[in-house]
Asks: 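Have a look at this one.
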Amino acid sequence: MSAPKSPAKSPQNRSELSVTPMSEDISAWYNDVIARAELAERGPAKGTMVIRPYGYAIWELLQRQLDDRFKATGHQNAYFPLFIPESYLRREAEHVEGFAPELAVVTHGGGKELEEPLVVRPTSETVVGEMFAKWISSYRDLPILINAWNNVVRWELRPRMFLRTTEFLWQEGHTAHVDEADAMEETLRMFGVYDEFARNVAAIPMVRGEKTPGERFAGAKRTFTIEGMMRDGKALQSGTSHYLGTNFAHAFDITYQDEQNTLQHAHTTSWGMSTRMIGALILAHGDDRGLVLPPRLAPHQVVIVPIGRGDALGTTTAEAQRVAGLLREQGVRVEVDVRDQSPGFKFNDWELKGVPMRVELGPRDLEAGVVVLAQRVGDEDEDGRARKHTLSVAELVDGMQARLDAYHELLVARAEAYRDEHSARIDDLEAFDAQVAHGFAYALHCGEPTCEATIQERTRATPRCVPTEGPEESGACIACGAPSAYGRRVVFARAY
RNA sequence: CGGGAUGUAGCGCAGCUUGGCAGCGCGCCUCGUUCGGGACGAGGAGGUCGCAGGUUCAAAUCCUGCCAUCCCGACCA
């Protein structure tokens, strides 16, 4: 009946302060990180998500980077409606078939049953097609290059924060062109934009390639994808670009008169990247201490923690603000942490939130005219703790952009090394099973859907893509022995 | 839709076997002391025990039904 001894310092209690180790349970780790880093939380309805300010700030940075690239390649933003008449979806046979199982349908409005149900957009090819048909009549109207930032709904059986939620935010590009050559050029251009963005902004080196027929977008002739490797060796499709041929042009009557006065069908494309990319950031860079953000998408690139008590704290805080101002002049995103918490708490908190650089500024530093700098990853001592470097304020300010750039490259190199260590060319089934359990397997495949299905049944691995780069090769299918297709090895992996 | 689990304070949980005042830790509020790796003391606020029935003098606890969520599989950016 005695009161339990104070558990304030017990190991159990300490573990509550940190996230589940990734190696122990990556699923629990992922959920912990999202919660503790205050990126997002679950909404009241199944599969919905509230993106909190810190998570949304990442999305805004990502949006701006992508949007600039879209504008630079001649696209204009527009908005298309959330509600789509159900009949529209049906116009493209493969398209409906692909999306039918995950549609949310509105049957009532204003208290009355609707004459025709409205589908909540799962993607906008159909409405855009309808509008393109109106806007295009001459070859002079082409190409038409549109992008839309919006939300879409796909009724998911098994939601996962950021990776697969019922509603998600994304960008969908839609373009129409005179012929296949022009449309393919666009498809590949935006494919390239995604790949470049992933590497140069998100610091994730992608495997770029084309989807096999079974994995193609519903209604597309060709689908190109960038696939990232997550810390558990699984693949994450992070952006796709589709050549739609004249499929939607036929379904929606998107026609134009060419120079010879003959009526032609336009060739269309579409391409998208979503909030799933935030999931990719978490899973590609994170570690047991939490989030690791690439500097170009980090809401705070540098956090300054003033240290001291009483009057001293006031002085170090003032100096921290001054240094922050100098860094801002260099275009650095800086936060001065003035919360009423202990320094140790703040160090751990910002590590958990993945801030690339931390600056400590205490009375001793102030005296000496220096600051202490530590970076989130890549510079640890024997205990795995970030090394602390003392440098002058001038050194800190002048060198910060270069440090952030170097840090970005470090993350890329780290992710690249990890990916390559977990990738292998595989030529027998037994090795294949072992390989896809923890990484990517490059294997020859016959391309038969039934054969793909057999592989998936046994290993849960699917063909992620046929890489765009790499040596040409052919031989016997790894699973059935039939002659290989595609002229290249196919990347197989388990996928999110 | 199959398999597993859980619903008790903002969060994490105990209490249920054997019915009897609603508990603990963290967080939150106030005051004071603290501040270079997750500070401490004192005081305080906070709960229709998932929902609906039933049994009982008495239900978080026992019985019945329902609902929701999470995890594992089949579909997906």
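Here is how names work: the chains are called A, B, and so on, in the same order as the sequence lines, proteins then strands, and each is numbered from 1.
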Asks: Quick check for you: among B:rG37, B:rC76, B:rG38, whose closest atom lies nearest to any side-chain atom of A:Ser342?
Replies: B:rG38
Asks: If I pick the C1' atom on B:rG7 and the same atom on B:rC13, what distance separates them, to the nearest angstrom?
Replies: 12 Å
Asks: Scan every strand shown for a Watson-Crick or G-U wobble partner of B:rG19, both distances under 3.5 Å, and answer none if you come up empty.
Replies: none
Asks: Is the phosphate of B:rC70, meaning OP1 or OP2, less than 4.0 Å from a side-chain N or O of A:Arg42?
Replies: yes
Asks: Pairing check on B:rG7: which nucleotide meets the Watson-Crick or G-U wobble criteria with it, both distances under 3.5 Å?
Replies: B:rC67
Asks: In whole angstrom, give me the gap between the P atoms of B:rA45 and B:rG37.
Replies: 36 Å
Asks: Pick the C1' atom in B:rG12 and in B:rA58, then give their distance to the nearest Å.
Replies: 31 Å
Asks: Start at the 5' end of RNA chain B and walk down; is the nucleotide closest to A:Ala386 or to A:Ala495 reached first?
Replies: A:Ala386
Asks: Can you check the A:Lys388 NZ to B:rG36 P distance for me, whole Å?
Replies: 9 Å
Asks: So, is A:Ser27 near the phosphate of B:rC72, with a side-chain N or O under 4.0 Å from OP1 or OP2?
Replies: yes
Asks: Just to be sure I understand the rule, does A:Gln171 reach a base, reach only the sugar-phosphate, or reach nothing, if contact means heavy atoms closer than 4.0 Å?
Replies: nothing
Asks: If you check the A:Arg164 side chain, which of B:rG38, B:rC76, B:rA74 turns out closest?
Replies: B:rC76
Asks: A:Glu351 has a side chain; which of B:rG37, B:rU69, B:rA39 sits nearest to it?
Replies: B:rG37
Asks: Expressed as a whole number of Å, how far does the P atom of B:rU61 sit from that of B:rU18?
Replies: 15 Å
Asks: For the residue pair A:Phe70 and A:His75, categorise the inter-ring angle as parallel (less than 30°), tilted (30 to 60°) or perpendicular (more than 60°).
Replies: perpendicular
Asks: What integer number of Å spans the C1' atoms of B:rU48 and B:rA60?
Replies: 12 Å
Asks: Under the criterion of centre distance below 5.5 Å and interplanar angle below 30°, is A:Phe168 classified as stacked on the base of B:rA77?
Replies: yes
Asks: Taking the same atom, C1', in B:rG3 and in B:rA59, what whole-Å distance lies between them?
Replies: 32 Å
Asks: Angle between ring planes, A:Phe191 versus A:Phe224, binned at 30° and 60°: parallel, tilted or perpendicular?
Replies: tilted
Asks: Paired with B:rG47 by Watson-Crick or G-U wobble geometry, both distances under 3.5 Å: which nucleotide is it?
Replies: none
Asks: Got more than 12 heavy atoms from elsewhere within 6.0 Å of CD, A:Glu469?
Replies: yes
Asks: On the side chain of A:Arg154, is there an atom forming a donor-acceptor pair with the base of B:rC76 - under 3.5 Å, no angle test?
Replies: no
Asks: What I want to check is whether the side chains of A:Asn151 and A:Trp170 have a donor and an acceptor closer together than 3.5 Å.
Replies: no
Asks: Using the 3.5 Å cut-off, write out each protein N or O paired with an N or O of nucleotides 4-11 of chain B and the distance between them.
Replies:
none

Asks: Check the angle between the aromatic planes of A:His422 and A:Tyr418 and answer parallel, tilted or perpendicular using the 30° and 60° thresholds.
Replies: parallel
Asks: For the base of B:rG36, is there a side-chain donor-acceptor partner from A:Lys346 under 3.5 Å away?
Replies: no
Asks: Of the non-hydrogen atoms in A:Ala479 and A:Cys451, which two are nearest, and what is the gap between them?
Replies: CB-SG, 3.6 Å
Asks: It should be established whether A:Arg385 places a side-chain nitrogen or oxygen under 4.0 Å from OP1 or OP2 of nucleotide B:rG37.
Replies: no
Asks: Between B:rC72, B:rC75, B:rA39, which nucleotide has the shortest distance from any of its atoms to the side chain of A:Phe345?
Replies: B:rA39
Asks: Can you say whether the rings of A:Tyr54 and A:His300 are parallel (under 30°), tilted (30 to 60°) or perpendicular (over 60°)?
Replies: tilted
Asks: Answer with yes or no whether A:Ser274 presents, from its side chain, a donor or acceptor under 3.5 Å of a partner atom in the base of B:rA77.
Replies: yes
Asks: One pair to check against side-chain contact (heavy atoms from CB on, under 4.5 Å): A:Arg385 and A:Glu380. What are the steps and the verdict?
Replies: CA-CA 5 Å; A:Arg385 187 156 272 176; A:Glu380 288 91 6; over 6 Å; no
